[in-house]
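Counting starts at 1 for both ligands and their atoms, in listed order. Bear in mind that the values here come from a model prediction, so they are computed numbers and not experimental data. Along the sequence shown, residues carry numbers from 1.
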Amino acid sequence: MGDSSISIIGAGYVGAVTAACLAELGHNVCCIDVDAEKVDNINAGIPPIHEEGLEELFQKHAGKMLVAATDYTSVADSDVSFICVGTPSAQDGEIDLSVIKTASKSIGISLRNNEKYHVIAVKSTSVIKAASKSIGISLRNSENYHVIAVKSTVVPETTQNVVIPIVEEYSQKRAGIDFGVAVNPEFLREGRAVHDFVNPDRIVIGELDKRSGGVVAQLYEGFDCPLIRTGLKTAEMIKYASNAFLATKISFANDIGNICKELDIDTYEVMHAVGLDHRISPSFLRAGAGFGGSCFPKDMRALIHKAEELGYRPKLLRSVMDVNEGQPKRMIRLLERKLGNLSGRKIAVLGLAFKNDTDDVRESRAIPVIKMLTDKGARVYAYDPAANENMRPIFPNIRYHSSAKDALEDADACLVMTEWDEFKKLGDEFKVMKNRIVIDGRNIIAFREHIDYEGLCW
Ligand SMILES: NC(=O)c1ccc[n+]([C@@H]2O[C@H](COP(=O)([O-])OP(=O)(O)OC[C@H]3O[C@@H](n4cnc5c(N)ncnc54)[C@H](O)[C@@H]3O)[C@@H](O)[C@H]2O)c1
């Protein structure tokens with residue numbers, strides 16, 4: 001299936017997974033990242049992130065089908081470059097496109113420095129008209145129609161209005177003539193990223209022209225799923241609409257869960273039955289501490305900002321965010337109801353990653369919870385099976401432990417923030433606590449007999 005040459009710009013979660021999976025499919029992949037340590041690690045077969053199956057792929061392909069560099073020289077010689085750099089929130093929720101702009105500029109410079117194009121330009125000076133026509137035809141037919149595929153999540157119109165003009169300016173080439181452009185949003189779930197890359201529900205390709213889309217579509221030949229080929233801004237919007245809908249389901253489940261709690265109804269029983277309706281589906285109906293991660297919160301903010309910039313106030317999307325912000329506060333309220341003043345109390349926080357099976361702490365719900373605890377004078381004893389080190393720069397002054405039991409030792413209470421499998425098995429470990437108060441933010445604790453258990457929405 002493989003044998004294309006591919007550059008991956010930005011070797012973070014999306015870039016590293018895309019690179020490893022495309023190498024596995026037989027393509028020659030070069031990861032480009034500004035982080036020299038990451039690049040050295042990739043070349044040594046060490047993946048930059050913790051994801052099931054990724055280490056095996058890196059060890060198998062590093063130095064062969066998969067290499068890494070800090071410079072953009074590979075871009076001009078590749079068939080496709082995937083832009084996979086971060087698109088975080090700016091101060092007011094607006095999408096921060098600064099890294100996208102820098103990457104676009106570097107791609108442009110690399111394409112400009114491509115000798116093949118320079119030679120054609122020099123030759124064309126003598127018989128300018130005929131030559132220009134031939135160049136156009138030749139470039140169109142050329143194997144070297146480099147396609148820039150935007151995988152980063154960017155608000156609609158970004159590729160057309162930001163990426164293309166920057167690449168054109170720095171490459172001195174024209175989109176649709178000298179190089180192609182596509183938008184190929186990524187829908188992988190962290191924790192299941194490798195699996196999701198090779199088993200997608202659908203592949204979406206927004207294309208500047210058929211040729212650009214065709215080059216990207218070829219990379220996915222043999223994938224058994226619907227392939228949607230559409231325009232650039234439609235593909236960009238599909239990604240936002242998907243994330244907004246999933247975030248809405250979570251906040252809906254939390255809103256219903258909060259009502260259920262007041263009525264002493266098990267919201268999980270309710271949502272199990274609700275999810276059996278095929279129009280609804282059982283996914284994303286688990287009430288709890290809310291959504292975090294590198295995507296939902298910032299994508300929601302970016303979409304809301306974009307809508308408001310256009311003069312539309314998206315009331316539903318704003319409420320989804322409001323419900324989400326409220327869930328960590330509810331955890332602290334439940335804790336205070338049990339313990340009273342938190343000042344000086346020792347609180348164990350189990351789970352720092354924004355979800356299980358990842359070391360990613362970006363916008364983890366543990367962050368507002370730990371912040372509220374420390375603001376109230378509590379002493380926080382934290383444990384996560386994979387994410388302690390990633391949380392340390394955010395909260396350097398709390399205690400980190402290497403097991404749940406260590407964190408629970410002598411604790412006044414415990415907050416469970418992440419659905420790690422190992423937390424399901426916790427039982428005897430709670431016996432080392434001073435007060436066995438457990439506030440469960442994820443409905444994960446199975447042994448509830450000998451503890452003072454409190455579910456967040458159940
Ligand atoms: N994380 C996810 O699960 C996920 C899923 C779907 C889509 N996305 C989207 O994909 C994009 C990337 O997300 P991520 O989580 O992989 O980000 P990330 O922060 O993990 O990785 C970005 C990488 O880009 C590198 N980088 C920064 N500036 C660069 C430059 N000028 N040139 C080359 N590399 C540079 C960084 O060093 C980093 O390694 C975002 O737009 C995100 O919204 C993420």
Side-chain angles (χ1 to χ4, degrees), residues 7-21 30-42 46-52 54 68-75 81-90 95-110 148-156 158-159 162-163 166-167 170 183-197 200-201 203-204 235-236 238-240 242-244 246-247 291-303 353-355 357-364 390:
S7 295
I8 303 283
I9 321 289
Y13 280 79
V14 168
V17 172
T18 305
C21 293
C30 180
C31 288
I32 297 165
D33 203 291
V34 288
D35 183 337
E37 195 184 331
K38 220 175 246 192
V39 164
D40 288 344
N41 282 338
I42 294 172
I46 303 164
I49 51 157
H50 168 87
E51 272 294 333
E52 200 181 312
L54 200 59
T70 49
D71 63 74
Y72 278 66
T73 35
S74 76
V75 166
S81 3
F82 282 102
I83 299 183
C84 303
V85 295
T87 47
S89 287
I95 187 169
D96 176 355
L97 292 173
S98 53
V99 190
I100 289 280
K101 289 178 184 168
T102 313
S104 304
K105 180 178 166 186
S106 304
I107 291 172
I109 292 168
S110 173
I148 299 161
V150 180
K151 234 183 207 313
S152 299
T153 304
V154 292
V155 290
T158 301
T159 303
V162 178
V163 176
I166 294 175
V167 176
Y170 287 92
V183 170
N184 177 215
E186 185 51 64
F187 299 98
L188 56 81
R189 292 164 299 172
E190 287 185 22
R192 305 271 295 152
V194 172
H195 171 273
D196 286 355
F197 188 93
D201 289 333
I203 291 162
V204 175
E236 291 167 334
I238 288 170
K239 174 66 187 172
Y240 278 94
S242 300
N243 276 0
L246 294 173
F291 56 78
S294 64
C295 293
F296 287 1
K298 68 136 176 113
D299 291 350
M300 289 292 288
R301 287 192 291 265
L303 184 57
F354 84 93
K355 62 187 261 190
D357 298 330
T358 177
D359 61 356
D360 194 347
V361 298
R362 289 177 288 183
E363 306 229 21
S364 163
N390 285 345

Could you grab the distance from atom [atom1] of [X] to atom [atom2] of [Y], nearest 0.5 Å is fine?
X: Glu236; Y: Thr158; atom1: CD; atom2: OG1; value: 5.5 Å
X: Leu188; Y: Asp196; atom1: CG; atom2: CG; value: 6.5 Å
X: Ile203; Y: Phe187; atom1: CD1; atom2: CZ; value: 10.0 Å
X: Tyr13; Y: Asp360; atom1: OH; atom2: CG; value: 3.5 Å
X: Ile95; Y: Leu97; atom1: CD1; atom2: CG; value: 4.5 Å

Indicate the atoms forming the closest heavy-atom contact of Ile107 with Ile148, along with that distance.
-> CG2-CD1, 3.7 Å
Per-pair distances, ligand 1 N/O vs protein N/O, less than 3.5 Å:
residue  : atom   : partner : partner atom : Å
ligand 1 : 1 (N)  : Glu190  : OE2          : 2.7
ligand 1 : 1 (N)  : Ser294  : OG           : 3.1
ligand 1 : 3 (O)  : Glu190  : OE2          : 3.1
ligand 1 : 15 (O) : Arg362  : NH1          : 3.4
ligand 1 : 15 (O) : Arg362  : NH2          : 2.9
ligand 1 : 16 (O) : Tyr13   : N            : 3.0
ligand 1 : 16 (O) : Val14   : N            : 2.8
ligand 1 : 19 (O) : Arg362  : NH1          : 3.4
ligand 1 : 20 (O) : Tyr13   : N            : 3.2
ligand 1 : 32 (N) : Tyr72   : OH           : 2.6
ligand 1 : 37 (O) : Asp33   : OD1          : 2.6
ligand 1 : 37 (O) : Asp33   : OD2          : 3.4
ligand 1 : 39 (O) : Asp33   : OD2          : 2.6
ligand 1 : 39 (O) : Lys38   : NZ           : 2.6
ligand 1 : 41 (O) : Thr87   : OG1          : 2.6
ligand 1 : 41 (O) : Thr153  : N            : 2.8
ligand 1 : 43 (O) : Thr153  : OG1          : 3.4
ligand 1 : 43 (O) : Lys298  : NZ           : 2.5

